There are 2 protein chains.
Amino acid sequence: MGGAPEDRSTEEIYQRLRDEDVKLTNQRRLIVRILAQCQDDHPSADELHRIVREEDPDVGLATVYRTLDLLERLDLVQTLDVGDGRTRYELATGLHQHHHLLCLQCGKIEEVDQDLLGAVEDTVEKLAGFRVVDHELKMFGVCCDCEPEEQNG
Amino acid sequence: MGGAPEDRSTEEIYQRLRDEDVKLTNQRRLIVRILAQCQDDHPSADELHRIVREEDPDVGLATVYRTLDLLERLDLVQTLDVGDGRTRYELATGLHQHHHLLCLQCGKIEEVDQDLLGAVEDTVEKLAGFRVVDHELKMFGVCCDCEPEEQNG
DNA sequence: GTTCGTGCAAAGACTTTGCATTACT
DNA sequence: AGTAATGCAAAGTCTTTGCACGAAC
């Protein structure tokens, strides 16, 4: 009956698309759904396409790009650059307090949804006379799985 | 005598290249010098190439890429992604407290060389068990030149 | 003199675009 | 039914690579 719990945010996106007078095609629905499922994987367009094709082999890569473009313009998706030459995508949280921790050893991307930068923004506004609208913070390091437990010392 | 003040950091880089047993070619010297001159422009490889060619029209784009690659591997250059599809380059400061302010109106890239994130790193280390090695902070907003002066209020 | 670096052009990777066909409203 | 979206393939960017020639040590 009526949708699993994880369908909530995808339903919101479908509704937003209806509101925007763009067509709610099967491809778009599928792409949004997969994107919601891989939320933590930060897939590239190509990776997303590969997963989408497992469910509908007829979806073209161009459609994936076009859909991601559309979603990004509507602020429903945001991009992430990890420095490997391809753009990675994730559903936008709405919050701008959304940071990434990139493990240099296993490549895992963790997220921190927390306002860590309020004070920093204030500093920048005063220091440089720069009004901050948005920010992007990436931290490179070693995640807890890769860090050998050094309880001693 | 013996070198203008702005030559200091380029001399350091030349010396580093000698120490690394790579050949100090005219092309490499030129590219380093131009890079030092455009320090604040954050040129892409192509933009850098265009400037380099004004001084030596025979330098190829591939050499620019290869030199930037080399310098990056030696931590003498670092890259910056502004989201326009090309990689931008700048001489590394040595400091990791080096952040970028991107003006959404004029596109200018300002820099903040200041340790703004010490406390944030500590928080992340405790919160996520993530040992931070490096970080990259970009702030998007409106710079002081583009912001209408609102002294009142 | 040897080795490494360069220039050129070709290839590669990612992304965008044109156009006939299909599917949504 | 009308219009927007799709799939495919071609084109467009940015970047890397192979190879013969030239420059640095």
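Keep in mind it's a predicted model, so treat the numbers as computed, not measured.
- Per the geometry, CD belonging to Q27(B) stands 11 Å off C1' belonging to dA24(D), to the nearest Å.
- Separating the CG atom in D145(B) from the SG atom in C103(B) is a distance of 8.0 Å, to the nearest 0.5 Å.
- Across dC14(D), dG7(C), dT15(C), the shortest atom-to-atom separation from the side chain of V59(B) is found for dG7(C).
- Ionic pairing of R50(A) and E54(A) is not present here: no N-O contact between side-chain nitrogen and carboxylate oxygen is shorter than 4.0 angstrom.
- With dT16(D), dC14(C), dG7(C) as the choices, the nucleotide that has an atom nearest any side-chain atom of R86(A) turns out to be dC14(C).
- For the pair L70(A) CG and dT17(C) C1', the interatomic distance rounds to 17 Å; values are reported in whole Å.
- Residue-level contact check: N26(A) touches the backbone only, with heavy atoms under 4.0 Å from sugar-phosphate atoms and none from bases.
- When each of dA5(D), dT16(C), dG5(C) is scored by its nearest atom to the side-chain atoms of D69(A), the top-ranked nucleotide is dT16(C).
- Residue R66(B) is in base contact, counting any heavy-atom pair closer than 4.0 Å across all strands shown.
- Counting any heavy atom pair closer than 4.0 Å across all strands shown, S44(B) reaches no nucleic acid atom.
- Between V22(B) and R53(B), the residue anchored closer to the 5' end of DNA chain C is V22(B), taking for each the nucleotide with the nearest heavy atom.
- Between the side chains of H135(B) and E121(B), a donor-acceptor pair is found at a separation under 3.5 Å.
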